[in-house]
**Student:** 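Quick one: structure below, then a few questions.
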2 protein chains.
Amino acid sequence: MGRVRLIDVAELAGVSMKTVSNVVHDYPHVAPALRTRVQAAIDDLGYRPNLTARRLATGRTGMIALAIPEIDHPYFSELSRRIAEEATRRGYRVLIEQTLSDTVAEHAVLKDREAGLVDGVIFHPVRMDAIELATVHKDTPLVLLGEAAIPSTTDHVMIDNVAAAKEAAQHLLALGRRRIAFLGVVDGDITVSTNRRLVGYQQALVEAGIELDPDLVLTVRDFSPESCADATRAALARGLRFDGVLCRDDKFALGALQGLHRSGLAVPEDVAVIGWDDTALASYTLPTLTSIAPDKPRLAKVTLDLLEERMNGHQGVGRHRLVPHSLTFRESAPELPR
Amino acid sequence: MGRVRLIDVAELAGVSMKTVSNVVHDYPHVAPALRTRVQAAIDDLGYRPNLTARRLATGRTGMIALAIPEIDHPYFSELSRRIAEEATRRGYRVLIEQTLSDTVAEHAVLKDREAGLVDGVIFHPVRMDAIELATVHKDTPLVLLGEAAIPSTTDHVMIDNVAAAKEAAQHLLALGRRRIAFLGVVDGDITVSTNRRLVGYQQALVEAGIELDPDLVLTVRDFSPESCADATRAALARGLRFDGVLCRDDKFALGALQGLHRSGLAVPEDVAVIGWDDTALASYTLPTLTSIAPDKPRLAKVTLDLLEERMNGHQGVGRHRLVPHSLTFRESAPELPR
DNA sequence: CAGAAAGTTTACAGCGCTGTACATTGGCCC
DNA sequence: GGGCCAATGTACAGCGCTGTAAACTTTCTG
């Protein structure tokens, strides 16, 4: 336990508490002799500043909350890591909060700031929409991620989903595929992300002069790879034919790979597959998975840039940043030879 | 910002701060009339207690640290989720800390408690050994996970690695496999976990009257699936033959699946594969992966039981708990028909 | 109905730190 | 030598909350 207090050090060194504090904080105007004496006392006693007291006195916590749907989803765990590392670099700690896509939990997210637990919040909402967010969020430094809610009043970072989906579909087209499926729309739970990606997919096809076939937009039961595998097999079983699949995320793509394999189709020979998020999963599969790759380090950097400005008092309308993306080519939809 | 303070509520309601505090804490002996009046004032003003101040006054933070090597490793992110959920159930929040298997970072883990950031620490060490831990850890409530360091003085939770490895190997034997490889030993970085698992593997073979072949213990470059795939292919290429592989974790197993596939071998027909940790990965692969499954909910529960007792002042020697494990059967090493 | 017991409320001293205001010292310039 | 400024150090009032002790009320008991 941090039994040793500032005043204990001060007494041992024969100085005031404030001087010890100054030494701890590397305040420049401390006489060298004194500094060493105080430092010796600190080391002697094994003094550690009590962060709670410091926080109360300063009003700053040095912590930021990261609220995500699930910590054990590959994309979010990779994102968490990036953000935690970027935050550490800037002297903050990250408190990860799981919402489990639950409305109540999402509403609770912003309370943390009110309770003085954190200085700012990074929030990837699923349920809350722009209006709810705009009303709840008053003066909490907040940066939103994802596409679910984009209130104009709040800072927000994402990739250009439409463009990314379009580029992926265009790559499939460039590979000579003409019957391209989209996997998938979760039954009764169509998210904004899915929507944007679907739009990009459609744009690519239309611009290539291909008629849209609604049957090629597959519907799945839920967000599990299993349901995607089932949907893929079911589609093939009822006679639907396609030679390319654009998936809304890597887990969906794994489901597609399983479904195709079990239906006796070869990837990429018979069907090319593209995933989304470029998580570690993409290199673990058979065949390895071509995937849309958001620039995660950049995402972390931009997000923290915005948040830090807000925490430093920046006021004003919401800033909206697009972060670059690219296509990471692997076996399931190989790069074009040139 | 939580501008509203306890005293503001008190003044509005015309009572003392302490009475408001009592209402906030549901202290039973508050006159009903007063309680409603105070509650109204709280609601009116939108009062939220300042947790930092509370912590300073009580000396409790309500937080526990979870220090793990990597947040984006599937096993650790699943573990984090379990532990966070169990902790939430008990009224704690979890502060996740990445050590990246770095010695310095591991040593820093215990400082958090000293700084009063958390009430207790759950720590999965990689580098620190029992002796270091025993000396550093004085009176911080601490529970260790994993097999790296087991100082007798500290509470510790793990599964029986030797037994689990033995059972897995025995399952491969029961499937009629006789040439069983172990994947693998990381070159120059053999961990205690790997060692325990290797021992169990060897016990099973010896008890089955099979002579140990050191060549069957494969060496890999690092902890990536890629290096495991390479090691598998290289082994096959140099003429090594085997019909079963026991892997030290699921990521290694994914590498094995890739390597076997690329070498033209079928799983499980030619070679049966068993992974370790039963992470989500295991159901995503082709074929799906049989894996040793630690009872993660139980692990979380036991860990928090121990930690809570320590945080409540329990003294005494380290308690060492084994948590149950089982084998989750999937395609790569199917369950025996009966 | 006195006295004890239980219920209810308050005042206030910290928790350990930092920010501010202020005191002291020494160096430098004319 | 006086005056001024920068450097150095200190005292102390909070930050917002809770625990303790004590005051005051009401209820119960014989």
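Chain naming here is simple, since letters A, B, ... match the order of the sequence lines and numbering starts at 1 in each. Bear in mind the structure is a predicted one, so any value in this text is a computation, not a measurement.
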**Student:** Please report, rounded to the nearest Å, how far the C1' atom of D/dC15 is from the CG atom of B/Leu6.
**Tutor:** 13 Å
**Student:** Mind running a 4.0 Å heavy-atom check of residues 19-46 of chain A against DNA chain C and sending the residues that fall below it, in number order?
**Tutor:** A/Ser21, A/His25
**Student:** Can you sort out the partners of A/Ser101 under side-chain contact (heavy atoms from CB on, under 4.5 Å), two or more places apart, ordered by chain and number?
**Tutor:**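 With neighbours one apart ignored, the set is A/Pro69, A/Val126, A/Arg127.
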**Student:** Can you tell me how far P of C/dC17 sits from CZ of A/Arg55, to the nearest Å?
**Tutor:**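 Taking CZ of A/Arg55 and P of C/dC17, I get 13 Å after rounding.
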**Student:** Under the side chain to side chain donor-acceptor pair (under 3.5 Å) definition, can you give me all pairs with a residue in residues 15-24 of chain A, not counting sequence neighbours?
**Tutor:** A/Ser16-A/Thr19
**Student:** Go nucleotide by nucleotide along DNA chain C from the 5' end; which of B/Ser16 and A/Leu56 gets its closest nucleotide reached first?
**Tutor:**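 The residue mapped nearer the 5' terminus is B/Ser16.
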**Student:** Could you list the protein-to-nucleotides 19-29 of chain D atom pairs, N/O on both sides, closer than 3.5 Å?
**Tutor:**
{"from": "D/dG19", "atom 1": "N7", "to": "B/Lys18", "atom 2": "NZ", "distance (Å)": "2.7"}

**Student:** Not counting sequence neighbours, which residues clear side-chain contact (heavy atoms from CB on, under 4.5 Å) with A/Ala57? List them please.
**Tutor:**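 Residues passing side-chain contact (heavy atoms from CB on, under 4.5 Å) with A/Ala57: none at all.
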**Student:** Starting at CE of B/Met17 and ending at C1' of C/dT10, how long is that distance when rounded to a whole Å?
**Tutor:**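 In whole Å, C/dT10 C1' lies 11 Å from B/Met17 CE.
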**Student:** CZ of A/Arg60 versus P of C/dC17: gap in Å, rounded?
**Tutor:**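 Taking CZ of A/Arg60 and P of C/dC17, I get 17 Å after rounding.
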**Student:** With Watson-Crick and G-U wobble geometry limited to distances under 3.5 Å, how should the secondary structure of DNA chain C be encoded in dot-bracket form, using | for bases paired to another strand and [ ] for crossing pairs?
**Tutor:** ||||||||||||||||||||||||||||||
**Student:** Partners of A/Ala130 by side-chain contact (heavy atoms from CB on, under 4.5 Å), sequence neighbours excluded?
**Tutor:** A/Pro151
**Student:** Could you label the plane-to-plane angle of the A/Phe76 and A/His124 rings as parallel, tilted or perpendicular, counting under 30° as parallel and over 60° as perpendicular?
**Tutor:**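 It falls in the perpendicular class, over 60°.
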**Student:** Taking all non-hydrogen atoms of both residues, which atom of B/Ala105 and which atom of B/Thr99 are closest, and how far apart?
**Tutor:**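 B/Ala105 and B/Thr99 have their closest heavy atoms at CB-O, 3.5 Å.
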**Student:** Only pairs at least two apart or in different chains count here, so list each salt bridge (Lys or Arg N to Asp or Glu O under 4.0 Å) that has a residue in residues 95-108 of chain B.
**Tutor:** A/Arg93-B/Glu97
**Student:** For B/His107, which residues count as a ring pair (Phe, Tyr, Trp, His ring centres under 6.0 Å) partner, sequence neighbours excluded?
**Tutor:** none
**Student:** Determine: side-chain N/O of B/Arg3 to OP1/OP2 of D/dG16, distance under 4.0 Å, yes or no.
**Tutor:**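 Yes, such a contact exists.
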**Student:** Among all residues two or more places apart in sequence or in another chain, which pass the ring pair (Phe, Tyr, Trp, His ring centres under 6.0 Å) test with B/His25?
**Tutor:**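 Result, ring pair (Phe, Tyr, Trp, His ring centres under 6.0 Å) vs B/His25: none returned.
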**Student:** Please name all residues satisfying ring pair (Phe, Tyr, Trp, His ring centres under 6.0 Å) with A/Tyr75, sequence neighbours left out, ordered by chain then number.
**Tutor:** none
**Student:** Of the options D/dC17, C/dT10, C/dT18, whose atoms approach the side-chain atoms of B/Tyr47 most closely?
**Tutor:** D/dC17
**Student:** What is the distance, to the nearest angstrom, from the CD1 atom on B/Ile7 to the P atom on D/dT18?
**Tutor:**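 These atoms are roughly 13 Å apart.
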**Student:** What residues, two or more places apart in sequence or in another chain, satisfy side-chain contact (heavy atoms from CB on, under 4.5 Å) together with A/Arg321?
**Tutor:** A/Val157, A/Val302, A/Leu306, A/Arg319
